[in-house]
Amino acid sequence: MPAVAQEQGVHHQSSEYEAPSDPLVQQKLEKWRDQKFGIIIHWGLYAVPGIIESWQLCSEDWIERDSTIAYEDYKKWYWGLSKDFNPVNFNPEQWASVAKKAGMRYLVFTTKHHDGFNMFDTQETDFKITNGPFGSNPRADVAKHVFNAFRNEGLMIGAYFSKPDWHSEYFWWPKYATPNRNVNYDIRKHPWRWNQYKQFTYNQIGELMNNYGAMDILWLDGGWVRPLETVNDEVRSWGAPIPEFSQEVDMPAIASMARKAQPGLLIVDRTVHGPYENYQTPERRVPETKLENPWESCLTLANNWGYVPNDNYKTPTAVIHTLVEVVAKGGNLLLGVGPKPDGTLPEEATVRLAEIGKWLDKNGEAIYNTRTTKQYQDGSTFFTQGKKGTRYAITCLPEDKPVPAVLEWTGNAPKKGSKIKLVQDGKTVKWVKEGDKVKVYLPRSLSKSPGAYPALAFSFTAAQ
């Protein structure tokens, strides 16, 4: 993905937050905050040619596209990929097993991206995975089998759904050109057409909420589809023109229907602050400081959300360091992985996820079910706290250097006379306090090859 695309295609977090008032939603939100690490899977037509998900359909000047192809011809070609998408090796149980072993605790799966191609058997349109060459496969209703596989591994389940649908004639009316990501007609002049789109959206979300088992999260993307009164400078900074009218899809009706089917459902209407954004979702970045509101950093394992051949992947150590920082700042990490067009996960992804899982197997006590501390960071050491009061210090170590003999941090001192233990094996380590500084002496057995320990976690009873 070009750097400019990464900047203009992203959602930053909302500047305001409204806590949910429904006790069931509050309860679900606290459970979600305990999970800390999730997977978001972008999979759709864009996997076939291995390009940026959906965005090349959009006619905005930051989009890179083959200049020798007329725009209307490009759209026909892209949507025609539905005749080529045949993931004959689709194996959601393998995906779920990889995620589980990686230490991931919840799933967000793209049931429909902005291009309008449905990865579930919707009855509202024929533009869906069950209407192409994969339609005769027993697992053609992809979303159903993905949700079931991850549910069977014990993960919380989230359905990603795009509020804009560029394939729908009720959003991009073929009568007019499609100059940008917004609806391409004035809905004040054509209220019938927009009402058709609202009903279409309501019906599709209703299918997902009623026909696909227990759901924990409805994760709504496309934050430019929003009431006009919620448009702010942050939205304007995305670079897309802002219409003079609301592009709202009646979230109160959608939320009421969805929660009737799924009591306690978390709804994430991204960047549209208010009662339907139960947690915030900064994308492709980690906030500079800790946040008191529930939030989730959405980051990619490679450079792109979906599958792109020869993509550059982050190292397991880099992901672990990010996870530690995110959790210490009070958030969750949602890591993006894109399956290949045949339905398998890239080997580069599975290898890295396995390494992340090995670290979490031994150190997860310092990550899962924790909350923030008043002082959450000192240099490369981050701090979390368990619900029973245990304090954790997690020191991120450089990838290319051996483990040092001594680690130091300032603040978060252990109680006098108490023990510090290595979380990975429960062994006690020697420590001293010199002024405000805590010095921990590490066993010689840790002096292995560089990179053997991405981070070391310690547990102790804090002095205060």
Side-chain angles (χ1 to χ4, degrees), residues 32 35-48 50 53 85-113 117-121 128-130 132 134 137-161 208 212-219 221 296 298-309 311 313-314 316 319 323 332-361:
W32 172 82
Q35 309 310 308
K36 302 305 181 189
F37 191 28
I39 183 171
I40 181 168
I41 297 177
H42 279 76
W43 196 42
L45 293 185
Y46 39 85
V48 178
E53 68 293 334
F85 191 22
N86 190 19
V88 292
N89 295 320
F90 173 53
N91 186 352
E93 287 79 16
Q94 188 246 352
W95 299 4
S97 175
V98 167
K100 177 78 170 181
K101 290 176 182 175
M104 292 161 155
R105 298 284 182 89
Y106 66 102
L107 162 78
V108 176
F109 178 70
T110 47
T111 63
K112 180 178 75 170
H113 206 261
F117 187 73
N118 295 273
M119 299 299 288
F120 68 107
D121 190 27
K128 56 186 178 179
I129 186 72
T130 53
F134 198 56
N137 192 288
R139 295 186 158 196
D141 194 350
V142 161
K144 174 183 177 182
H145 294 281
V146 170
F147 292 143
N148 284 342
F150 279 80
R151 206 176 278 124
N152 289 339
E153 289 287 2
L155 279 75
M156 293 180 75
I157 302 299
Y160 169 115
F161 183 89
L208 289 169
Y212 288 82
M215 289 284 172
D216 300 295
I217 306 165
L218 175 60
W219 209 90
D221 202 4
E296 163 191 84
C298 316
L299 303 172
T300 54
L301 179 57
N303 278 344
N304 297 276
W305 294 108
Y307 170 73
V308 173
D311 212 346
Y313 285 80
K314 298 175 178 67
V319 174
L323 175 62
N332 286 14
L333 174 60
L334 185 64
L335 192 65
V337 177
K340 295 191 292 185
D342 71 346
T344 60
L345 292 178
E347 184 179 359
E348 299 94 328
T350 59
V351 169
R352 283 161 174 77
L353 291 173
E355 288 301 311
I356 295 166
K358 288 178 183 177
W359 186 85
L360 279 167
D361 260 351

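- Between M104 atom CE and L323 atom CG the span is 9.5 Å, to the nearest 0.5 Å.
- The two residues F37 and A102 make their nearest non-hydrogen contact at CE2-O, 3.5 Å.
- To the nearest 0.5 Å, atoms CG (L334) and CD1 (I40) are separated by 5.0 Å.
- Here E355 pairs with K358 in a salt bridge; the nearest charged N to carboxylate O distance falls below 4.0 Å.
- Here L45 contributes atom CG and H113 contributes atom NE2; the two are 11.5 Å apart, rounded to the nearest 0.5 Å.
- Rounded to the nearest 0.5 Å, atoms OH (Y46) and CD (E53) are 6.5 Å apart.
- Between F109 and F150, every side-chain heavy-atom pair lies at or beyond the 4.5 Å cut-off.
- Taking a 6.0 Å sphere around NZ of K144, one finds it holds 12 or fewer heavy atoms contributed by other residues, nucleotides or ligands.
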Criterion side-chain contact (heavy atoms from CB on, under 4.5 Å) on K314 and R352, from CA distance to verdict = CA-CA 8 Å; K314 298 175 178 67; R352 283 161 174 77; over 6 Å; no
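- The two residues P87 and I129 make their nearest non-hydrogen contact at CD-CD1, 4.3 Å.
- Here the CG atom belonging to L208 is positioned 8.0 Å from the CG atom belonging to L218, to the nearest 0.5 angstrom.
- Under the 3.5 Å distance criterion, the side-chain polar atoms of T110 are matched with a main-chain donor or acceptor of I41.
- Here the side chain of T111 pairs no donor or acceptor atom with the backbone of M119 at under 3.5 angstrom.
- Closest approach of P339 to A47, counting heavy atoms only: O-CB, 4.0 Å.
- Scanning all heavy atoms of the two residues, the minimum distance from A159 to F147 falls at CB-CZ, 3.9 Å.
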Would you please test D216 and W32 for side-chain contact (heavy atoms from CB on, under 4.5 Å) and show each step?
-> CA-CA 9 Å; D216 300 295; W32 172 82; over 6 Å; no
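- Checking side-chain atoms of K340 against main-chain N and O of L345 turns up no donor-acceptor pair under 3.5 Å.
- Counting heavy atoms from C-beta outward, V308 and N303 have side chains that stay 4.5 Å or more apart.
- For D121, the side chain to side chain contact (heavy atoms under 4.5 Å, CB included) partners are Q123, K128, T130, D141, Y212, not counting sequence neighbours.
- Pairs passing the salt bridge (Lys or Arg N to Asp or Glu O under 4.0 Å) check and including a residue from residues 96-107, sequence neighbours excluded, do not occur.
- In terms of heavy-atom proximity, V337 sits nearest to A349 at CG1-CB, 4.1 Å.
- Among W219, Y160, Y307, the single residue meeting the ring pair (Phe, Tyr, Trp, His ring centres under 6.0 Å) criterion with H42 is Y160.
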Show your reasoning for whether side-chain contact (heavy atoms from CB on, under 4.5 Å) applies to V146 and F120.
-> CA-CA 10 Å; V146 170; F120 68 107; over 6 Å; no
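- Nearest heavy-atom pair across L155 and L107 is CD2-N, 4.3 Å.
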Yes or no on side-chain contact (heavy atoms from CB on, under 4.5 Å) for L353 and L335, after CA distance, side-chain angles and deciding distance?
-> CA-CA 10 Å; L353 291 173; L335 192 65; 4.0 Å; yes
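- The aromatic ring centroids of F90 and W95 lie less than 6.0 Å from each other.
- Tested against D342 for a side-chain contact (heavy atoms from CB on, under 4.5 Å), the candidates N89, N91, N86 yield a single pass: N89.
- Atom CD of E296 sits about 12.0 Å away from atom CD of Q35, to the nearest 0.5 Å.
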